[in-house]
Protein chains: 2
Amino acid sequence: MAARDYGQYCGVTRALELVGERWALLIVRDLLVGPRRYGELAAGLPRIPSNILAARLKELQDAGIIRRAPRSRVIVYELTPYGRELEPVVLALGAWGFKAMGDPREEQIITPDSMTMALRTAFRPHVALHLPATVYGARLGPADLLVRVDGPTLDVTRGDGPADLAFAAGPDIHRLISGELAPDRAIATGVVEVLRGPGALLERFASTFHLAA
Amino acid sequence: MAARDYGQYCGVTRALELVGERWALLIVRDLLVGPRRYGELAAGLPRIPSNILAARLKELQDAGIIRRAPRSRVIVYELTPYGRELEPVVLALGAWGFKAMGDPREEQIITPDSMTMALRTAFRPHVALHLPATVYGARLGPADLLVRVDGPTLDVTRGDGPADLAFAAGPDIHRLISGELAPDRAIATGVVEVLRGPGALLERFASTFHLAA
DNA sequence: CTGGATCCTGCCCGATACTG
DNA sequence: CAGTATCGGGCAGGATCCAG
């Protein structure tokens, strides 16, 4: 621990000593969506070596950021209250990195949890406040997400269900969120495929979820 | 670059690919205070090996986060507009890490730039708004900082100058900012030494700069 | 099958010496 | 002053193996 110490009495260095290691903040990102089992975390971080995942989980536990909790006979990892306070950090990183994402490459995948956090990052409560409550069913790559917007609150859950608008999209949905692609153009070009409901609702979606590029 | 790629199409992973390496965000932290020469950066990051500093500067440049700029015959490094947008990330990390700082250890140092960013993190504009404009001269370890608070704006510069209250303190000032130590107790116990001006002004300072622990 | 632990290989970091 | 060169060590990466 002393070896990777930055030697400064400063909040930023302290934070980086705790969550600055490779993969650490991505584990936190996924746990911000909800408690996860070891295997679920591994599935959401396809390239992480199992020993690294195990090591990070142990370090994050020692730092009081996550804890192991028994859930009906199986162990899940969940954030402690202090770990949950990392949400502004993850959201700020996500918003900043969004602008540098560029076009998706072939080997880049989308995971349900990363998409969930991306939607939280792009959510504009002050805009949603003036729009009717809406439920979107979004099939994003392998992830089926149910996105409930009600006034200034957002709730994203996995799985299918009744929705005002159901649509499917790939990584190119990035261009819709950034405003580079207008909603009607997104449908016309096939970037977004409307599965159920009026396609015009995609406009509401795009104004609710937006990040400048 | 592909080796340290996370393989996900996600804003958080993209951000960590760009600034997730060791030392990278600390370089950004110092450059958020102002442009710095190579030697100034090295002085503010005492433990960084010179080859690592050189490598990070090159990577951050390639990523469009910093640029080399000639300033009257010498080269300085400065943030690009995109690099400056990392300020929310650094502030969020600083605020989160502040709570985990604990007591200062012997080998931990304080640098002027890290203290400047810490003050920016702890600054409460909505509180300062209702207080008279005040200039503090703060000698924090080796750093002489001139802290100007005027309404909701904060300006921190290096060096000495006329101040309403001048004081000296060590790392234990952390306990004043967190509220663990009341201003009058801080003076009584010698944590803060008043150099000039009315010690009562330290109360204003403590309410202007505060981070919960 | 889940949740790890244990190898080995290689690369990045750290420390220091050296140069334009 | 602003970096480059070099070398040792320690994490990361990947595959495999083990326990409940």
Side-chain angles (χ1 to χ4, degrees), chain A residues 1-8 13 16-28 30-31 34-63 66-78 107-109, chain B residues 1-8 13 16-28 30-31 34-63 66-78 107-109:
Chain A
M1 181 73 91
R4 72 188 203 201
D5 193 347
Y6 286 105
Q8 298 188 5
T13 55
L16 291 176
E17 284 160 10
L18 295 178
V19 295
E21 309 274 308
R22 196 164 160 77
W23 297 106
L25 273 179
L26 296 182
I27 294 172
V28 171
D30 287 1
L31 290 182
R36 292 285 179 268
R37 301 175 55 172
Y38 183 94
E40 293 173 323
L41 288 171
L45 275 13
R47 292 201 186 176
I48 195 174
S50 65
N51 58 342
I52 299 296
L53 177 55
R56 290 293 169 276
L57 288 174
K58 197 161 299 185
E59 293 161 11
L60 291 172
Q61 229 175 307
D62 292 344
I66 68 174
R67 74 164 75 97
R68 297 172 57 133
R71 280 278 194 287
S72 64
R73 301 210 34 199
V74 299
I75 296 271
V76 298
Y77 294 90
E78 63 182 14
E107 76 280 12
Q108 291 186 316
I109 64 163
Chain B
M1 180 74 91
R4 72 188 202 201
D5 193 348
Y6 286 105
Q8 300 188 3
T13 55
L16 292 176
E17 283 161 11
L18 294 177
V19 296
E21 310 273 308
R22 197 165 158 76
W23 296 106
L25 272 179
L26 296 181
I27 295 172
V28 171
D30 286 1
L31 290 182
R36 292 286 181 267
R37 301 176 54 172
Y38 182 95
E40 293 173 322
L41 288 171
L45 275 12
R47 292 199 186 177
I48 194 173
S50 62
N51 58 343
I52 298 294
L53 176 55
R56 290 293 169 275
L57 289 174
K58 198 161 298 185
E59 293 161 12
L60 291 173
Q61 229 174 307
D62 293 344
I66 67 175
R67 74 164 74 96
R68 296 172 55 132
R71 281 279 193 287
S72 64
R73 303 209 33 197
V74 300
I75 297 269
V76 298
Y77 294 89
E78 62 181 14
E107 76 279 14
Q108 291 186 314
I109 64 161

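Within every chain, numbering begins at 1; the chains are lettered A, B, ... in the order of the sequence lines, protein sequences first and strands thereafter. These figures come from a predicted structure and were not determined experimentally.
Rounding to whole angstrom units, CD of residue A:Gln61 and P of C:dG3 are separated by 14 Å. Rounded to an integer number of Å, the gap from B:Ile52 CD1 to D:dT4 P is 12 Å. For B:Trp23 and D:dC11, the CH2 to P distance is 15 Å, given to the nearest whole Å. Residue A:Leu41 contributes atom CG, which lies 14 Å from atom P of C:dT2 at whole-angstrom precision. If you measure from atom CD of A:Glu21 to atom P of D:dG13, you get 11 Å, rounded to the nearest angstrom. Taking atom CD1 on B:Ile48 and atom C1' on C:dC12, their separation rounds to 13 Å, with Å as the unit. If you take CZ of A:Arg47 and P of D:dA15, they are 12 Å apart, rounded to a whole angstrom. Summarising the geometry, the separation between CG on A:Leu26 and P on D:dG13 is reported as 11 Å, rounded to the nearest angstrom.
Considering only side-chain N and O atoms, A:Tyr6 lies nowhere under 4.0 angstrom from the phosphate OP1 or OP2 of C:dC13. Dashed line: the shortest gap from a side-chain N or O of B:Tyr77 to OP1 or OP2 of D:dG3 is under 4.0 Å. Contact check, A:Arg37 against C:dT2: no side-chain N or O comes under 4.0 Å of OP1 or OP2. Considering only side-chain N and O atoms, B:Arg56 lies under 4.0 angstrom from the phosphate OP1 or OP2 of C:dC13. When the side-chain nitrogen and oxygen atoms of A:Arg22 are compared with OP1 and OP2 of D:dG13, one or more of them lie within a distance under 4.0 Å. Phosphate proximity of C:dG3 to A:Lys58: absent, as no side-chain N or O sits under 4.0 Å from OP1 or OP2.
Among the heavy atoms of the strands lying under 4.0 Å from B:Arg68 are primed sugar atoms or P, OP1, OP2 only; no base atom is included.
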Practice item. Give the C-alpha distance, both sets of side-chain angles, the deciding distance and a yes or no for side chain to side chain contact (heavy atoms under 4.5 Å, CB included) between B:Tyr6 and B:Glu17. Key: CA-CA 7 Å; B:Tyr6 286 105; B:Glu17 283 161 11; 3.7 Å; yes
Exercise for review: Begin with the C-alpha distance, continue with both residues' side-chain angles, and end with the deciding distance and a verdict on side chain to side chain contact (heavy atoms under 4.5 Å, CB included) for A:Leu16 and B:Arg22.
Suggested key: CA-CA 8 Å; A:Leu16 291 176; B:Arg22 197 165 158 76; over 6 Å; no
Check your understanding: Which is it for A:Val19 and A:Ile27 under the side chain to side chain contact (heavy atoms under 4.5 Å, CB included) test, yes or no, and what are the steps along the way?
Key -> CA-CA 10 Å; A:Val19 295; A:Ile27 294 172; over 6 Å; no
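Without hydrogens or angle criteria, B:Gln8 side chain to A:Gly44 main chain gives a donor-acceptor distance under 3.5 Å.
For B:Ser50 and D:dA2, a side-chain-to-base donor-acceptor distance below 3.5 Å is absent, hydrogens and geometry of angles not being considered.
Partner of B:Glu78 under the salt bridge (Lys or Arg N to Asp or Glu O under 4.0 Å) criterion, chosen from B:Arg36, B:Arg71, B:Arg68: B:Arg71.
Annotation: of the two residues near DNA chain D, B:Asn51 and B:Glu40, the 5′-most nearest-nucleotide partner is B:Glu40. Toward the 5' end of DNA chain C, the nearer of the two residues B:Ala55 and A:Ile75, judged by each one's closest nucleotide, is A:Ile75.
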